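One structure below.
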Amino acid sequence: MTTTRISCTAALLLLLGSLSPCIAEQTYMECTFDDKAINQPIGTGGPEVGEPTWIEPNISAIVRATPFATPSLELHSTAFAGGNVGFELPQQVTSGLVVVSMDLWLLAPVPDGRYTIAISNQAWESLTDLGFDEEGRFGIADAASTAATVEPYPAERPLAIVLAYDLDAGRYSVWVDGVRLVRDRALSAAPGFRRVVVSLGPDIEPLNSLRIDRIVVTDFISPDLVYFDCNFDDKPINQPIGTGGTAVGEPTWVEPSILATVRAAPFVTPSLEMLCTSAAGGNIGFELAYEPVTSGVVVVSADLWLYGSGPGQSFLMMLFSAAWENLPRAVFNEDGSLTVEDSNGLAATVPSFPTGRSLPLVFALDMDADTYSAWVDGFQVVSNRSHGVSNANLYRVVIASLYATVAGPGLSIDRVLVTGPSSLVGVESPRDWLQGQPVLGPPWPNPSNSVMTMDVVSPSAEIRVEVFDVAGRLIRRLADRAAAGGPGRFSWDGTDEAGRPVAPGVYWLQLRSAEGVATRKVVRM
């Protein structure tokens with residue numbers, strides 16, 4: 001099976017939805033370290049074999065099995081002078097879109113020194129510098145000035161960095177943990193991409209090392225832009241949820257009148273049980289970590305489970321801007337109906353919402369057109385409607401309980417997810433989901449040696465979900481049936497049609513419907 005990925009200019013980079021002339025996907029560098037010997041020094045064979053081009057003598061570079069789910073590279077300085085590690089392309093890239101993505105892991109702060117990751121051109125002019133200092137600050141800078149600062153920087157967990165360069169326009173953007181911190185900023189050096197250099201300060205102990213899970217350089221937006229993802233799967237069961245914010249998969253606040261407890265049921269994975277202890281009601285809020293989403297298409301989804309309806313019960317899922325402007329909201333009313341509302345008034349009514357099972361809600365907001373679409377339980381109930389707020393941004397999701405008490409029915413929340421369109425649209429325009437194209441969401445976990453799960457959205461009832469190997473041979477058919485239009489979820493356990501485990505390697509998931517085809521690459525370990 002031959003696949004082609006669409007590569008876009010800065011319009012896609014900035015999530016504005018338009019496409020430039022398309023070119024085939026090209027990967028300039030992919031260093032994942034997954035095939036390297038654990039607890040052994042990394043080689044210097046260069047990007048062609050997934051290794052650095054050079055390692056200076058003062059640097060220890062060892063492949064480790066932890067702390068990431070897959071092998072990563074541990075770097076630390078063995079001398080006061082410090083040193084660096086370089087990843088260099090065979091030749092400079094001078095035009096088009098270049099996207100650098102890397103997953104980092106640090107302890108904070110870094111004692112006695114700092115880490116710097118520099119992206120430079122052929123002439124060693126720095127396009128962008130990423131710096132982690134001993135004070136706990138993370139800065140993004142170029143030759144002109146500091147572009148953005150995070151203080152303190154996230155530590156002791158994966159930190160996803162994405163830099164995207166429009167070399168023709170001479171501009172770049174940067175995302176940190178899925179949040180865009182630098183937007184369409186002019187390059188202060190001659191456009192051109194040649195190398196990534198990681199520099200380490202003096203006398204860094206191994207315990208305080210920098211860990212790199214992967215460095216990938218491509219000509220397309222590769223990672224999904226996840227603004228936050230709270231699924232509660234890593235939280236202690238039967239314990240109150242914390243309020244560390246979305247950076248650690250928790251709410252930003254839980255009002256005192258709300259009991260918010262992680263439970264093993266009723267969903268397949270752990271979820272958040274929400275009960276109200278006061279007739280005055282209360283709410284839970286999830287805020288984006290750094291800044292509001294102001295452009296492009298942003299998708300908000302949550303899986304809810306309501307235990308019943310009746311007098312004294314009402315729940316709301318509300319989307320707000322940074323200024324607390326009320327964007328679309330879903331209201332679960334006392335009479336058992338569900339309404340979708342916005343600043344213009346009532347948008348849709350579902351006479352009887354499902355209870356006693358998972359109920360997915362999805363909002364897709366076009367931040368440039370100030371319109372939105374909504375899906376309830378897989379059915380589109382609102383299509384491209386104005387929400388009545390001009391120049392809106394999205395900053396928080398609030399789930400509220402009104403009038404219910406702890407003795408009455410409650411609400412469970414399985415996942416609150418806010419993404420950019422690439423995580424749902426794959427190879428096509430960010431607006432395709434709003435225009436009725438089939439969507440195959442990113443499989444998770446990926447890579448994996450266990451069960452992979454993927455979300456699909458198809459306007460038509462007839463869908464086919466299949467697994468192919470790299471030669472295009474059909475490995476497994478996951479679905480070939482009539483299914484309700486809208487979101488659905490499928491899983492692959494890594495076996496073929498006969499139930500035999502497949503060999504480790506690269507495979508392709510394909511969703512086919514009357515409207516088109518969507519494809520995703522997965523890796524079995």
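Since this is a predicted model, take the numbers as computed values, not measurements. Residue numbers start at 1 and run along the sequence shown.
- Proximity of a side-chain donor or acceptor of Asn39 to a complementary backbone N or O of Arg64 within less than 3.5 Å is not detected.
- In terms of heavy-atom proximity, Pro47 sits nearest to Thr53 at CD-OG1, 3.8 Å.
- At least one side-chain heavy atom of Leu288 sits less than 4.5 Å from a side-chain heavy atom of Val293.
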Step by step, would you call Met367 with Leu394 a side-chain contact (heavy atoms from CB on, under 4.5 Å)? CA-CA 8 Å; Met367 306 309 295; Leu394 177 68; 4.3 Å; yes
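- Counting all heavy atoms, side chain and backbone alike, Ala392 lies closest to Asp370 at N-OD1, 3.4 Å.
- Taking CG of Asp233 as the reference point, atom SG of Cys230 lies at 11.0 Å (rounded to 0.5 Å).
- Inter-residue side-chain proximity for Met29 and Leu89 is flagged as met; some heavy-atom pair is nearer than 4.5 Å.
- Listed for the Glu125 side chain is no donor-acceptor partner under 3.5 Å among the backbone atoms of Ala189.
- Sorted by first then second residue, the salt bridge (charged side-chain N to carboxylate O under 4.0 Å, His left out) pairs that include residues 35-51, not counting sequence neighbours, are Lys36-Glu51.
- Using modelled atom types and a 3.5 Å distance limit, the side chains of Ser173 and Tyr165 yield no donor-acceptor pair.
- At least one side-chain heavy atom of Ile399 sits under 4.5 Å from a side-chain heavy atom of Ile413.
- Ser491 and Leu478 make their closest contact through O-CD2, 3.7 Å (heavy atoms, listed as atom of the first residue, atom of the second, distance).
- Taking OG of Ser120 as the reference point, atom CD of Gln122 lies at 9.0 Å (rounded to 0.5 Å).
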Criterion side-chain contact (heavy atoms from CB on, under 4.5 Å) on Leu327 and Leu365, from CA distance to verdict: CA-CA 9 Å; Leu327 301 175; Leu365 290 80; 4.1 Å; yes
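- A side-chain contact (heavy atoms from CB on, under 4.5 Å) with Leu130 is found for exactly one of Leu104, Val196, Leu163, Thr116, namely Leu163.
- A ring-centre distance under 6.0 Å is not found for Phe363 and Trp375.
- Using a distance-only test at 3.5 Å, with no hydrogens or angles considered, no donor-acceptor pair links the side chain of Arg185 to the main chain of Arg171.
- One side chain, Tyr172 or Asp142, offers a donor N or O that lies under 3.5 Å from an acceptor on the other.
- Of all the heavy atoms in Ile241 and Leu272, the pair that sits closest is CB-CD1, 3.6 Å.
- Separation of atoms CZ (Phe132) and CG (Leu210) is listed at 7.0 Å; rounding is to 0.5 Å.
- Under the rule for a salt bridge (Lys or Arg N to Asp or Glu O under 4.0 Å), Asp34 has no partner lying at least two apart in sequence or in another chain.
- The structure places CG of Asn121 at 5.5 Å from CD of Gln92, a figure rounded to the nearest 0.5 Å.
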Worked check of side-chain contact (heavy atoms from CB on, under 4.5 Å) between Thr246 and Glu287: CA-CA 7 Å; Thr246 55; Glu287 291 186 351; 5.9 Å; no
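- Leu417 is not listed as a side-chain neighbour of Phe286, based on a closest heavy-atom distance of 4.5 Å or more.
- Val300 places a side-chain heavy atom less than 4.5 Å from the side chain of Leu319.
- Residues Gly242 and Glu250 approach most closely at C-OE1, 3.2 Å, considering heavy atoms.
- Side chain of Ser321 to main chain of Ala323: a donor-acceptor pair is present (N/O by atom type, distance under 3.5 Å, no hydrogens or angles).
- Residue pairs satisfying the salt bridge (charged side-chain N to carboxylate O under 4.0 Å, His left out) criterion with at least one member in residues 83-97, sequence neighbours excluded, are listed as follows: Glu88-Arg194, Glu88-Arg195.
- Within the cation-pi definition used here (under 6.0 Å to the ring centroid, within 45° of the axis), Arg396 does not qualify as a partner of Trp253.
- In this structure, Thr78 contributes its side chain and Asn58 its backbone to a donor-acceptor pair below 3.5 Å.
- Trp54 and Asn84 form a side-chain donor-acceptor contact under 3.5 Å, judged by distance and modelled atom types alone.
- A heavy-atom distance below 4.5 Å is not found between the side chains of Phe320 and Glu325.
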Please lay out, stage by stage, how Leu167 and Thr94 fare under the test side-chain contact (heavy atoms from CB on, under 4.5 Å). CA-CA 6 Å; Leu167 298 178; Thr94 58; 5.6 Å; no
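- A donor-acceptor pair under 3.5 Å is formed between the side chain of Ser188 and the backbone N or O of Ala143.
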Apply side-chain hydrogen bond (donor to acceptor under 3.5 Å, both in side chains) to the pair Thr32 and Asp213, showing each step before the final yes or no. CA-CA 6 Å; Thr32 63; Asp213 187 36; over 6 Å; no
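- Ser60 and Ile62 get closest at one heavy-atom pair: OG-CG1, 3.6 Å.
- Residue Ile117 holds its CD1 atom at 11.0 Å from CD1 of Ile140, rounded to the nearest 0.5 Å.
- Between Ile212 and Leu75 there is a side-chain heavy-atom pair separated by less than 4.5 Å.
- Within the 4.5 Å cutoff, side-chain heavy atoms of Phe193 are placed close to those of Val217.
- The aromatic rings of Trp492 and Tyr507 sit perpendicular to each other, their planes meeting at more than 60°, with 30° as the lower class boundary.
- Here the straight-line distance linking atom NE2 of His387 with atom CG of Asp366 works out to 8.5 Å at 0.5 Å rounding.
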